[in-house]
Number of protein chains: 2
Amino acid sequence: MGEIELTPELLERAADMLRAVAHPVRIGIIGLLEGERALTVTEIQKQLKVGQSSASHHLRILKDRGVLQSRREGKNTFYSLRHERLRDIVTCINSCGRED
Amino acid sequence: MGEIELTPELLERAADMLRAVAHPVRIGIIGLLEGERALTVTEIQKQLKVGQSSASHHLRILKDRGVLQSRREGKNTFYSLRHERLRDIVTCINSCGRED
DNA sequence: CAAATATATGCAAATATGTTGATGCGATAA
DNA sequence: TTATCGCATCAACATATTTGCATATATTTG
């Protein structure tokens with residue numbers, strides 16, 4: 001539970017995934033997608049109060065970077081977490097954030 | 001260990017801290033600063049092979065966002081982690097890494 | 001004080017990201 | 001087939017981040 005390899009590739013990969021998550025809307029999305037739950041774009045955009053285009057855009061970023069996965073079902077596309085562990089990041093960040 | 005509040009402020013704060021971390025050089029810095037260890041700007045810039053100005057800039061970002069703390073000692077400034085837990089993020093990310 | 005060392009900061013060009021409206025497109029319903 | 005829903009994507013513009021050079025400041029040394 002300790003050592004981290006510092007190869008440039010790992011740094012790049014880690015940064016890539018972190019950049020994917022580092023946006024309020026995208027953190028919100030991850031927050032909505034607990035466990036096995038899968039939501040449609042419309043459900044997500046309504047809960048987070050963002051435009052359709054914006055939601056779609058952010059979902060794509062999360063999917064491209066391997067954070068989410070999606071499946072199409074009729075007219076809908078359901079998005080869900082690919083790594084439940086990623087939620088830990090948000091938990092972790094929130095627990096670190098609070099003593100200014 | 002479970003529920004995450006989704007208030008806009010928390011989302012912003014979480015995103016802010018994540019953005020601070022989401023850069024290869026800055027992840028590298030966190031990687032170097034295990035435990036209590038504190039390093040000078042020069043030590044950090046040499047290990048990560050970045051310019052002086054760049055190292056200084058990145059350190060400032062990490063400090064401003066509450067990731068690092070610093071103490072001055074003579075001509076040197078020693079930087080160290082403010083939240084050991086933040087290292088978990090890097091570990092977590094790496095363990096999630098892509099299996100395309 | 002002058003010089004050297006360690007770090008910080010201002011600035012500007014290059015690049016990356018975010019935002020929004022319009023439009024395209026597959027799936028279903030009428 | 002036409003209309004509509006759900007979503008994706010394009011385009012254009014706005015904002016933010018990164019990088020490096022030049023320069024400034026602080027500390028110690030001679």
Side-chain angles (χ1 to χ4, degrees), chain A residues 8 11-33 37-82, chain B residues 8 11-33 37-82:
Chain A
L11 293 182
E12 283 296 346
R13 276 176 53 154
D16 245 38
M17 194 167 260
L18 276 177
R19 276 206 310 278
V21 179
H23 185 288
V25 170
R26 300 199 289 264
I27 294 174
I29 291 171
I30 293 172
L32 291 176
L33 294 176
R37 175 160 35 185
L39 298 175
T40 67
V41 179
T42 303
E43 289 167 329
I44 289 168
Q45 75 166 285
K46 278 187 181 158
Q47 299 221 40
L48 297 180
K49 292 171 183 158
V50 297
Q52 185 272 311
S53 164
S54 174
S56 198
H57 187 143
H58 289 300
L59 285 165
R60 179 151 140 69
I61 288 171
L62 288 170
K63 188 184 174 187
D64 283 356
R65 310 273 186 103
V67 176
L68 301 184
Q69 61 198 159
S70 68
R71 68 170 195 278
R72 183 130 196 177
E73 212 162 284
K75 290 188 290 191
N76 299 297
T77 304
F78 288 86
Y79 283 87
S80 57
L81 281 183
R82 194 149 141 177
Chain B
L11 293 182
E12 283 295 346
R13 278 177 54 151
D16 246 36
M17 195 168 259
L18 277 177
R19 274 206 313 280
V21 179
H23 184 287
V25 169
R26 300 198 289 264
I27 294 174
I29 290 171
I30 292 171
L32 291 176
L33 295 176
R37 174 160 35 187
L39 298 176
T40 67
V41 179
T42 304
E43 289 168 330
I44 289 168
Q45 75 167 286
K46 279 185 181 159
Q47 298 220 41
L48 296 181
K49 292 171 184 156
V50 298
Q52 184 271 312
S53 161
S54 175
S56 200
H57 266 145
H58 289 300
L59 286 166
R60 180 152 139 70
I61 289 171
L62 288 171
K63 188 184 174 188
D64 283 356
R65 309 274 186 103
V67 176
L68 301 184
Q69 60 197 160
S70 68
R71 68 168 194 279
R72 182 126 196 179
E73 212 162 285
K75 290 188 291 192
N76 298 297
T77 304
F78 289 84
Y79 283 89
S80 57
L81 281 184
R82 195 148 139 175

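Keep in mind that the numbers below use all heavy atoms, side chains included, and drop hydrogens, waters and symmetry copies. Keep in mind it's a predicted model, so treat the numbers as computed, not measured. Every chain is numbered from 1, with letters handed out A, B, ... down the list of sequences.
Residues satisfying the salt bridge (Lys or Arg N to Asp or Glu O under 4.0 Å) criterion with A/Arg72, sequence neighbours excluded, are absent altogether. Contacts of B/Arg19 classified as side-chain hydrogen bond (donor to acceptor under 3.5 Å, both in side chains), with partners at least two apart in sequence or in another chain: B/Asp16. By the ring pair (Phe, Tyr, Trp, His ring centres under 6.0 Å) test, A/His23 is found to be paired with A/His58, residues two or more places apart in sequence or in another chain being considered. B/Arg37 meets the side chain to side chain contact (heavy atoms under 4.5 Å, CB included) test with B/Glu34, B/Leu39; sequence neighbours excluded. Here B/Lys63 pairs with B/Ser70, B/Tyr79 under the side chain to side chain contact (heavy atoms under 4.5 Å, CB included) rule; sequence neighbours left out. The side chain to side chain contact (heavy atoms under 4.5 Å, CB included) test applied to A/Glu12 returns B/Pro24, not counting sequence neighbours.
A/Arg71 has its CZ atom 17 Å from the P atom of D/dG6, to the nearest Å. In this structure, B/Gln52 atom CD and C/dT7 atom C1' are separated by 6 Å, rounded to whole Å. When the P atom of D/dC7 is taken as reference, atom CZ of A/Phe78 falls 8 Å away, rounded to whole Å. Between B/Asn76 atom CG and C/dA8 atom P there is a gap of 10 Å when expressed in whole angstrom units.
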N/O to N/O distances under 3.5 Å, protein versus nucleotides 13-16 of chain C:
none

Could you list the protein-to-nucleotides 24-27 of chain D atom pairs, N/O on both sides, closer than 3.5 Å?
none

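In the region residues 53-62 of chain B, proximity to DNA chain C at under 4.0 angstrom, judged on heavy atoms, holds for B/Ser53, B/Ser56, B/His57, B/Arg60. Of the residues in residues 41-50 of chain B, not one places a heavy atom less than 4.0 Å from an atom of DNA chain D.
Residue pairs meeting the side chain to side chain donor-acceptor pair (under 3.5 Å) criterion with at least one partner in residues 41-55 of chain A, sequence neighbours excluded, are A/Thr40-A/Glu43.
Between its two ends, the helix from C/dC1-D/dG30 to C/dA30-D/dT1 turns its axis by 10°, counting five pairs per end and rounding to 10 degrees.
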